Every structure is written in C-alpha cells, then in structure tokens.
Amino acid sequence: MKLFIITGTCGAGKSTMKDELAARLDPNQYACVDSDETGLNWWDYAGTEREGQYGADTLTEAFRIARGRNLVFVTCMAPHDYITKAAVPVDLTATFSIALWARDEIIDQRLRARPKERGFTTDEAIRPHIEYNQWISRNHGKYQLFIDTENQAPDETAERIAAFISELTE
C-alpha cells in the first residue's frame with residue numbers, strides 16, 4: 001500500500017482534485033479521501049491539549065476508510081505533520097507528497113469568491129492561508145510533485161497527478 005498526500009492551502013484546488021482523481025483512478029486499487037470526509041473536525045481539536053493529534057487521527061481514519069487500498073489523501077496540513085506524528089499501517093511501503101499551489105493573488109481571489117458562510121470574508125481570515133501558501137512555495141523542493149494550478153485546467157492537473165500516481169504503483 002502507498003500513501004499519496006495531496007496538500008495545499010485552501011483555494012489551491014485540493015477538493016476539486018480529490019473528485020477528479022476519484023473519477024480517474026480504479027476504486028478497487030485506490031481510495032481518494034479528503035480529510036473533511038473523515039468525520040473529524042479541526043475545531044474540536046483547536047486550542048485543546050490534543051490539538052497536535054488532529055493530523056494523526058485524520059490519517060488513521062483515512063486508512064480505515066481505504067481498507068488496504070492505496071490512499072490518496074487530500075488535506076490542508078503539511079505532509080511532515082503526518083509523517084512525523086501519525087502511526088501508519090505496517091503494509092504501507094511508501095509515502096509521496098504532492099503540493100498544489102497558485103500565486104497568492106489567485107488564492108486570495110478564489111477564497112473571496114467562496115460563499116460567505118465559508119468565512120473567507122476578511123484579510124484577517126485569509127492571511128493564514130496566504131502564509132501557508134508562501135511556506136509551500138518556499139519548500140516546493142520537498143514535494144515529489146509540485147503543481148501550479150493557476151493556469152492549468154482541473155482535468156489537466158488531475159491527469160498529471162493520476163499519471164504520477166499510476167507510475168508509482170505499477
């Protein structure tokens with residue numbers, strides 16, 4: 001079993017990629033799971049003594065959902081948080097990190113275009129996402145695949161990721 005962590009800030013295209021990849025990859029071989037689908041909520045952890053456990057718990061639940069299939073895990077969190085904090089199944093043979101990124105201005109536009117109830121209505125609400133986007137940019141060489149989603153259609157991005165995943169699991 002292999003783990004493919006797709007990360008990026010809010011607005012980078014992660015949920016779109018999860019849906020696109022689920023339509024492209026063989027569901028008997030791959031489980032595409034968004035951290036939002038694990039049933040765990042970050043706000044139940046934030047500010048508590050178990051805040052650092054959120055990443056490990058979501059990954060554990062994603063592996064349970066995958067039931068032994070290769071896991072394509074979509075999350076905002078940095079892969080090193082999962083790698084250093086989470087226990088993984090004994091049959092996991094490799095972990096690969098994929099980053100989705102766009103210029104800060106594009107992330108800002110995408111977030112502001114979301115429905116108001118999503119909470120991206122102020123500079124203060126958006127700033128942490130821009131800062132994380134900048135961290136991803138500075139650390140782009142740490143990812144096995146780094147994709148700028150600004151000028152690439154979602155189906156092109158998904159095809160690129162699917163090819164990368166397929167090549168590594170053949």
Side-chain angles (χ1 to χ4, degrees), residues 1-46 48-102 107 110 114 118 129 132-133 135-136 139-149 152-170:
M1 172 192 340
K2 292 185 169 83
L3 169 62
F4 297 89
I5 299 174
I6 299 176
T7 193
T9 193
C10 292
K14 297 178 310 299
S15 294
T16 301
M17 281 309 99
K18 184 262 176 190
D19 294 340
E20 291 277 341
L21 290 167
R24 282 177 167 70
L25 297 171
D26 178 358
N28 294 314
Q29 189 176 1
Y30 301 95
C32 297
V33 180
D34 190 311
S35 59
D36 293 341
E37 296 171 325
T38 64
L40 301 172
N41 187 323
W42 162 248
W43 296 111
D44 293 337
Y45 290 76
T48 71
E49 68 281 349
R50 55 192 193 109
E51 185 171 306
Q53 189 63 34
Y54 175 75
D57 289 353
T58 57
L59 184 59
T60 298
E61 182 60 17
F63 276 122
R64 188 195 66 72
I65 293 167
R67 296 184 320 266
R69 295 173 288 169
N70 294 304
L71 175 58
V72 178
F73 187 53
V74 177
T75 179
C76 274
M77 295 182 72
H80 63 269
D81 286 337
Y82 290 102
I83 293 167
T84 60
K85 297 176 183 175
V88 297
V90 295
D91 56 345
L92 181 70
T93 59
T95 301
F96 302 94
S97 301
I98 301 164
L100 302 180
W101 178 89
I107 297 297
R110 290 174 181 173
R114 289 182 171 185
R118 299 278 305 266
H129 303 281
Y132 183 42
N133 196 54
W135 182 90
I136 289 170
N139 289 278
H140 69 275
K142 296 178 180 178
Y143 296 92
Q144 285 81 30
L145 183 60
F146 182 88
I147 299 176
D148 180 344
T149 63
Q152 193 165 276
D155 62 326
E156 294 172 303
T157 302
E159 192 55 43
R160 202 167 151 203
I161 295 170
F164 174 79
I165 290 172
S166 295
E167 181 179 305
L168 292 167
T169 52
E170 290 179 351

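Computed from a prediction, not measured in an experiment: that's the story for all the values here.
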Beyond-backbone contact of Leu100 with Phe146, side-chain heavy atoms, under 4.5 angstrom: no

Note: Glu20-Arg24 ion pair, threshold 4.0 Å (strictly below): yes

Between OG1 on residue Thr93 and NZ on residue Lys2, distance to nearest 0.5 Å: 4.0 Å

Check: Leu71 and Phe4 side chains under 4.5 Å, non-hydrogen atoms: no

Thr75 side chain vs Thr7 backbone, donor-acceptor pair below 3.5 Å: no

Contact check, side chains of Val88 and Phe63, non-hydrogen atoms, under 4.5 Å: yes

Nearest-0.5 Å distance that lies between atom CE in Met77 and atom OG in Ser35: 8.5 Å

Worked verdict on Thr58 versus Trp42 for side-chain contact (heavy atoms from CB on, under 4.5 Å): CA-CA 9 Å; Thr58 57; Trp42 162 248; over 6 Å; no

Pair Ser15, Asp34: side-chain N/O donor-acceptor within cut-off below 3.5 Å: yes

Thr157 backbone acceptor or donor facing Arg160 side chain under 3.5 Å: no

Considering all heavy atoms, the nearest Leu25-Ala162 contact: CD2-CB, 4.1 Å

Any Phe73 side-chain heavy atom under 4.5 Å of Ile6 side chain: no

Side-chain (Gln144) to main-chain (Ser97) donor-acceptor, under 3.5 angstrom: yes

Side-chain donor/acceptor of Tyr132 to backbone N/O of Ala78, under 3.5 Å: yes

Flag side-chain contact, heavy atom, 4.5 Å: Ile161 against Met17: yes

Side-chain (Thr149) to main-chain (Trp101) donor-acceptor, under 3.5 angstrom: yes

Backbone of His129 reached by a side-chain donor or acceptor of Asn133 within 3.5 Å: no

His140 side, atom NE2; Ile147 side, atom CD1 - distance, nearest 0.5 Å: 13.5 Å

Nearest-0.5 Å distance, CE of residue Met1 to CZ of residue Arg67: 11.5 Å

Test item: side-chain donor near acceptor, Tyr45 and Asp57, under 3.5 Å: yes

Heavy-atom side-chain contact between Ile165 and Asn70 under 4.5 Å: no

Atom pair CD/CG of Gln53 and Leu40 - distance to nearest 0.5 Å: 10.0 Å

Note, Thr169 side chain near Gln29 side chain (heavy atom, < 4.5 Å): yes

Ala153 backbone acceptor or donor facing Glu156 side chain under 3.5 Å: yes

Validation row: Lys18, Asp36 side chains within 4.5 angstrom (heavy atoms): no

Side chain to side chain donor-acceptor pair (under 3.5 Å) assessment of Thr9 paired with Arg110: CA-CA 11 Å; Thr9 193; Arg110 290 174 181 173; over 6 Å; no

Residue pair Val74, Cys32: steps toward the side-chain contact (heavy atoms from CB on, under 4.5 Å) verdict: CA-CA 8 Å; Val74 177; Cys32 297; over 6 Å; no

Spacing of Leu3 atom CG and Phe96 atom CZ [to the nearest 0.5 Å]: 9.5 Å

